[in-house]
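Treat the numbers as computed from the prediction; the structure is a model and nothing was measured. Proteins come first, then strands; the chains are lettered A, B, ... in the order of their sequence lines, and each starts at number 1.
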Protein chains: 2
Amino acid sequence: MVEKFKEPQDSQTAEVDFGDFRMTKQRRAVFDVLHAERDHPTASEVYIRAKEQMPSISLATVYNCLETLTQAGLVKQVNVDREASRYCPNLKPHAHFFCSHCQEVYDVDLRPSADAVEPWALPEGSIVEHVEVAMKGCCPNCRGAGTKANA
Amino acid sequence: MVEKFKEPQDSQTAEVDFGDFRMTKQRRAVFDVLHAERDHPTASEVYIRAKEQMPSISLATVYNCLETLTQAGLVKQVNVDREASRYCPNLKPHAHFFCSHCQEVYDVDLRPSADAVEPWALPEGSIVEHVEVAMKGCCPNCRGAGTKANA
DNA sequence: GTAATATCAAGAATTATTCTAATTAAAATC
DNA sequence: GATTTTAATTAGAATAATTCTTGATATTAC
């Protein structure tokens with residue numbers, strides 16, 4: 001049921017297990033955009049970047065592709081407050097740190113052998129399928145530079 | 001600068017430190033709604049409940065009040081995915097558990113002397129001002145009842 | 001009591017996202 | 001390799017939560 005598809009055209013990344021989905025040109029383009037610069041672009045930003053390689057792609061398709069890729073487990077959707085969703089190709093368990101000064105989103109790795117759920121007193125019998133941790137504050141860069149963006 | 005206002009009318013809860021803001025009838029009504037049933041209503045749900053006590057209140061005012069109360073630190077805004085924000089009056093540090101079956105949001109306390117940030121390998125010099133932890137899964141009730149809502 | 005300021009209400013506007021319907025592309029079958 | 005079937009793409013309309021705008025109404029300061 002789960003097969004591998006080879007990319008139908010030249011691309012920067014190797015072949016990817018795409019599950020039941022077809023690896024179309026558009027999905028490949030969106031996937032490549034996310035891997036080219038590993039910041040955390042919004043759908044619109046992905047759209048702008050994808051258009052450089054594929055001017056015919058539409059915003060609706062970018063939304064579709066991002067959803068498909070998310071369902072396939074190839075990218076993660078990142079939500080900070082009520083702002084536009086951002087997307088990231090980091091598949092390791094990680095949290096997100098949002099710097100209020102430079103407005104950047106950083107990935108934060110889980111410490112070796114640490115457990116993100118451990119600090120929380122869940123009732124017996126709860127089943128956790130998914131944890132999302134979002135931190136907000138000031139990143140080391142902005143801190144050193146005297147909080148330029150906000151001061 | 002930070003003063004106490006007494007409520008301008010009868011109400012269920014005691015006087016509250018409201019910071020620089022005025023405790024108006026509308027804000028009090030919204031505040032009371034959140035304390036009456038400690039579930040996690042959306043702005044629209046708060047609106048519906050507040051109208052029972054104050055039929056003249058508008059949705060825009062409910063949004064304004066919720067924002068004011070949030071800024072004053074008296075309620076917390078809870079965001080799960082891209083769905084409508086929910087509001088909760090629990091001021092203790094806590095996470096939220098969203099049951100995909102009954103669609104309820106539960107508060108999850110921090111274990112005694114546990115630290116929500118500890119599992120995360122933040123770069124030196126990061127300053128965390130705020131942490132938001134959202135878990136998704138199945139609550140003990142739904143688990144016992146054979147996942148009625150989804151199966 | 002009057003002036004200054006803050007809040008409220010109603011509806012318009014905005015924004016991210018999803019839906020719809022028609023076209024196009026890809027895979028399966030002949 | 002041509003045809004059929006199925007899935008994906010596109011453009012634009014629709015939606016939903018939220019914010020903004022403007023004028024009216026309270027509340028505090030003087």
Side-chain angles (χ1 to χ4, degrees), chain A residues 1-9 11 15 18-31 33 40-48 50-51 53-72 74-75 77-87 105, chain B residues 1-9 18-31 33 40-48 50-51 53-72 74-75 77-87 105:
Chain A
M1 216 155 285
V2 175
E3 301 152 73
K4 277 187 196 252
F5 291 91
K6 293 204 175 120
E7 55 274 19
Q9 79 209 92
S11 78
E15 69 187 66
F18 217 64
D20 283 328
F21 303 98
R22 289 183 192 161
M23 179 51 104
T24 63
K25 284 181 199 144
Q26 289 83 350
R27 287 171 182 173
R28 165 59 67 183
V30 166
F31 184 82
V33 160
H40 295 75
T42 62
S44 308
E45 285 163 351
V46 171
Y47 174 55
I48 291 166
K51 264 188 113 126
Q53 302 307 119
M54 182 183 272
S56 67
I57 200 171
S58 74
L59 179 58
T61 297
V62 169
Y63 272 103
N64 289 340
C65 292
L66 288 170
E67 204 204 317
T68 306
L69 291 167
T70 302
Q71 280 180 206
L74 295 174
V75 307
Q77 194 187 46
V78 181
N79 297 304
V80 178
D81 294 345
R82 305 235 80 239
E83 282 160 34
S85 291
R86 295 158 177 277
Y87 294 86
V105 176
Chain B
M1 215 155 287
V2 174
E3 301 151 74
K4 276 188 195 251
F5 293 91
K6 293 205 175 119
E7 55 272 19
Q9 79 207 94
F18 217 63
D20 283 329
F21 303 99
R22 290 183 192 158
M23 178 53 102
T24 64
K25 285 182 199 145
Q26 289 83 351
R27 287 172 182 170
R28 163 60 68 184
V30 167
F31 185 82
V33 161
H40 294 76
T42 62
S44 308
E45 285 162 351
V46 171
Y47 173 54
I48 291 166
K51 266 188 112 128
Q53 302 307 118
M54 181 184 273
S56 67
I57 199 169
S58 74
L59 179 57
T61 296
V62 169
Y63 271 104
N64 289 340
C65 292
L66 287 169
E67 204 204 317
T68 305
L69 291 166
T70 302
Q71 279 180 208
L74 295 175
V75 308
Q77 193 187 47
V78 181
N79 296 303
V80 177
D81 295 345
R82 305 236 79 239
E83 281 160 36
S85 291
R86 294 159 178 276
Y87 294 87
V105 176

Rounded interatomic separation in angstrom, taking CZ from B:Phe21 and C1' from C:dT7: 12 Å
Atom-to-atom span, CD of A:Glu83 to P of D:dT19 - whole angstrom: 11 Å
Integer-rounded Å distance: C:dT18 C1' and A:Leu66 CG: 14 Å
SG on A:Cys65 to NZ on A:Lys25, rounded to 0.5 Å: 13.0 Å
Phosphate OP1/OP2 of D:dT18 contacted by B:Tyr63 side-chain N/O (<4.0 Å): yes
Interatomic distance, B:Ile57 CD1 vs D:dA26 C1' [rounded to whole Å]: 15 Å
Euclidean distance, atom CZ of residue A:Arg86 to atom P of C:dA16 [Å, nearest integer]: 11 Å
Euclidean distance, atom CZ of residue B:Arg27 to atom C1' of D:dT27 [Å, nearest integer]: 11 Å
Sugar-phosphate only, base, or nothing, as touched by B:Ser85 at under 4.0 Å among non-hydrogen atoms: sugar-phosphate
Proximal nucleotide (of D:dT9, C:dA9, C:dT7) relative to the A:Asn64 side chain: D:dT9
4.5 Å side-chain heavy-atom contact, A:Gln77 and A:Tyr87: yes
A:Thr24 side chain near D:dT9 phosphate (N/O to OP1/OP2, under 4.0 Å): yes
Side chains of A:Val30 and A:Leu69 in contact at under 4.5 Å (non-hydrogen atoms): yes
Sugar-phosphate, base or nothing in reach of A:Ser56, heavy atoms under 4.0 Å: sugar-phosphate
A:Tyr47 OH - C:dT15 P separation (whole Å): 17 Å
Separation of D:dT18 P from B:Glu67 CD (nearest whole Å): 12 Å
Touch class at under 4.0 angstrom, heavy-atom based, for B:Ala60 against every strand present: base
Side-chain N or O of B:Gln26 closer than 4.0 Å to phosphate OP1/OP2 of D:dA26: no
Phosphate OP1/OP2 of C:dA25: any A:Arg22 side-chain N/O under 4.0 Å: no
Of B:Ser58 and B:Arg82, the one whose closest DNA chain C nucleotide lies more 5': B:Ser58
Minimum-distance pair of heavy atoms, taken over all atoms of B:Val46 and B:Pro41: CG2-CG, 3.7 Å
B:Arg82 side chain to A:Glu83 backbone, donor-acceptor under 3.5 Å: yes
